[in-house]
Amino acid sequence: MSLIVAKFGGSSVADIERVKTIAQRIKRMQDEGNNMVIVVSAMGDTTDELIELARATGGELSGREMDMLLATGEQQSAALLAMTLNNAGCDAISLTGWQAGIVSDSTYRKAKISDIDTNRIQTELDKGKIVIIAGFQGITPGGDITTLGRGGSDTSAVAIAVGIKADRCQIYSDVDGVFTADPRMVSDARKLQFISYEEMLEMAILGAMIMQPRAVECAMLNNMDVEVLNSFNDNPGTIITEERNMEQDRVVSGVAHDLNCAKIAIFDVPDQPGIARTLFKALAENGINVDMVIQSAMRNNHNDIAFTIGRDELTKALPVVEELVKKIGASDYSYGDNVAKVSIIGAGMQSNPGVAADMFEALADEEINIDMISTSEIRVSCIINEDQTQKAVIALHKKFDLDRS
Ligand code: ASP
Ligand code: MG
């Protein structure tokens, strides 16, 4: 008998038909002798719709009331799933985040879980119940409702699995697992059987929408294996686990791409201490996340600084940059939103020199120009022209033999 925590995402509970489908799956797992704790997201686009409603009130989307509102989405799906299971003859109970003992700090809309009191969950399990928990929410020690950031029910699920020492943690969505590249872009992309926490973290940060990066981090810190599965079929998924369990000879595990990219370049920035601080502090204070940064070599006591941000933040960033150019005495700036980031990810890179060179070669062979480069120990990313994204991803997938298992 295993204790399983299974999380079902918004698409898996998008309507009552789907809720009924996953209820059958949950019932089957219980019939096989497992104890089940289920974490749910809000139905379909509910969270987006709630944000739109809040926006329509005209005010600031303020923290406390926003979380009061957003947390209702997950409560709906938790209650509806519990009802559906009860109707199917299973004994199920739904719990809000706070009823389930999930305590967080008070950073509204991006709260971090600080503690889980598992007593209530355990009591309900002991009564033989299937416990359904509303994901994405917690409560502050002072008693206010919080939410855990977009995609936060992944983090709820992993944290609960760690808290109750589950035997298995499963994340169900509408994809079969983690692929060597986006299957919509590369026809021979393969599903990976395993991926390491570190690789998954890089992929999640790069925008593979499979899991919230914080959930991967939580799994990694607590050494909790996570299975990523499709709720619409019975295919085996991908297991996110420690690196030692992995295929030994794999150098690159996947190719990722991100179209939410824009580039800003500032010219003739005086080469003085403190300039980068002024620049990036102002961007951070305006809530703009900077990704890659490149500073050219100094000439005549000036250099150019280029950086990338999310394309959706460009309109917010440009007035800030305009101001900064004057403030720091730069000559001008330019920007482009027709860029994309392609990356290769692989834990095997650490012990295989020449991987970056192979990547640049594959891009050069396709006559793709590289605009910017950044690396981590297990990732190389290049900024290229957006129009060449698919060509680049296919070329890299082939170069690193990802089409062959
Ligand atoms: N419903 C929330 C969101 O859409 C949380 C989640 O889906 O994990 O971001
Ligand atoms: Mg969601």
Side-chain angles (χ1 to χ4, degrees), residues 5-16 18-19 22 37-55 61 63-82 94-100 102 104-105 107-113 116 132-139 145-163 169-175 178 200-201 203-205 207-219 224 226-232 237 240 260 289 310 312:
V5 173
K7 179 252 166 175
F8 291 90
S11 64
S12 308
V13 293
D15 54 41
I16 296 298
R18 292 190 179 181
V19 172
I22 65 160
V37 173
I38 309 298
V39 176
V40 285
S41 290
M43 299 171 81
D45 296 327
T46 303
T47 307
D48 291 321
E49 288 159 15
L50 291 171
I51 292 171
E52 279 317 304
L53 280 178
R55 192 164 282 136
L61 301 182
R64 185 185 182 283
E65 302 312 324
M66 217 32 209
D67 280 4
M68 182 77 177
L69 176 70
L70 294 186
T72 62
E74 271 68 15
Q75 279 174 236
Q76 293 177 8
S77 43
L80 289 167
L81 177 58
S94 65
L95 298 177
T96 61
W98 44 104
Q99 287 172 329
I102 300 174
S104 78
D105 65 19
T107 319
Y108 295 110
R109 300 200 67 180
K110 308 198 265 272
K112 285 207 167 73
I113 296 176
I116 303 187
I132 320 282
I133 301 172
F136 178 52
Q137 52 181 257
I139 196 160
I145 295 171
T146 56
T147 62
L148 309 178
R150 296 309 304 266
S153 40
D154 292 336
T155 303
S156 309
V158 176
I160 290 167
V162 171
C169 179
Q170 303 180 323
I171 304 270
Y172 287 90
S173 70
D174 54 5
V175 294
V178 183
M200 189 63 212
L201 189 57
M203 286 200 188
I205 292 168
M209 301 299 282
I210 297 164
M211 254 178 100
Q212 197 196 36
R214 269 173 51 199
V216 183
E217 232 162 32
C218 181
M224 170 62 68
V226 177
E227 278 175 84
V228 180
L229 301 147
N230 193 331
S231 67
F232 299 104
I240 307 169
N260 182 21
N289 250 315
D312 48 5

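Remember, it's 1-based here, ligands and their atoms both numbered in the order they're listed. Residues take their numbers from the sequence shown, with the count starting at 1. No hydrogens, no waters, no symmetry mates; every other heavy atom, side chains included, goes into these values.
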Open item on the list: Taking R150 first and then D48, would you say they form a salt bridge - that is, a charged N and a carboxylate O separated by under 4.0 Å?
Closed with: yes

Open item on the list: Under a 4.0 Å threshold between the charged nitrogen and the carboxylate oxygen, would E217 count as salt-bridged to R214?
Closed with: no

Task: Under 3.5 Å: donor-acceptor pair, side chain of D67, backbone of R109 - done: yes

- [ ] Would you please say whether a donor-acceptor pair under 3.5 Å links the side chains of Q137 and T147?
- [x] no

Task: Sub-4.0 Å heavy-atom contact, G135 with ligand 1 - done: no

Open item on the list: Measuring from non-hydrogen atoms of G151 to any atom of ligand 1, is the shortest distance under 4.0 Å?
Closed with: yes

- [ ] Return yes if some donor-acceptor pair links the side-chain N/O of S77 with the main-chain N/O of S41 below 3.5 Å, else return no.
- [x] yes

Task: ligand 1 to D154 polar contact by distance, N or O atoms, under 3.5 Å - done: no

Task: Q99 side chain vs T96 backbone, donor-acceptor pair below 3.5 Å - done: yes

Open item on the list: Measuring from non-hydrogen atoms of E74 to any atom of ligand 1, is the shortest distance under 4.0 Å?
Closed with: yes

Task: Under 4.0 Å to a heavy atom of S153 - the qualifying atoms of ligand 1, by number - done: 5 (C), 6 (C), 7 (O), 8 (O)

Open item on the list: List ligand 1 atoms under 4.0 Å from R150, heavy atoms only on the residue side.
Closed with: 3 (C), 4 (O), 9 (O)

Task: Test of proximity, K7 against ligand 1: N or O pairs below 3.5 Å - done: no

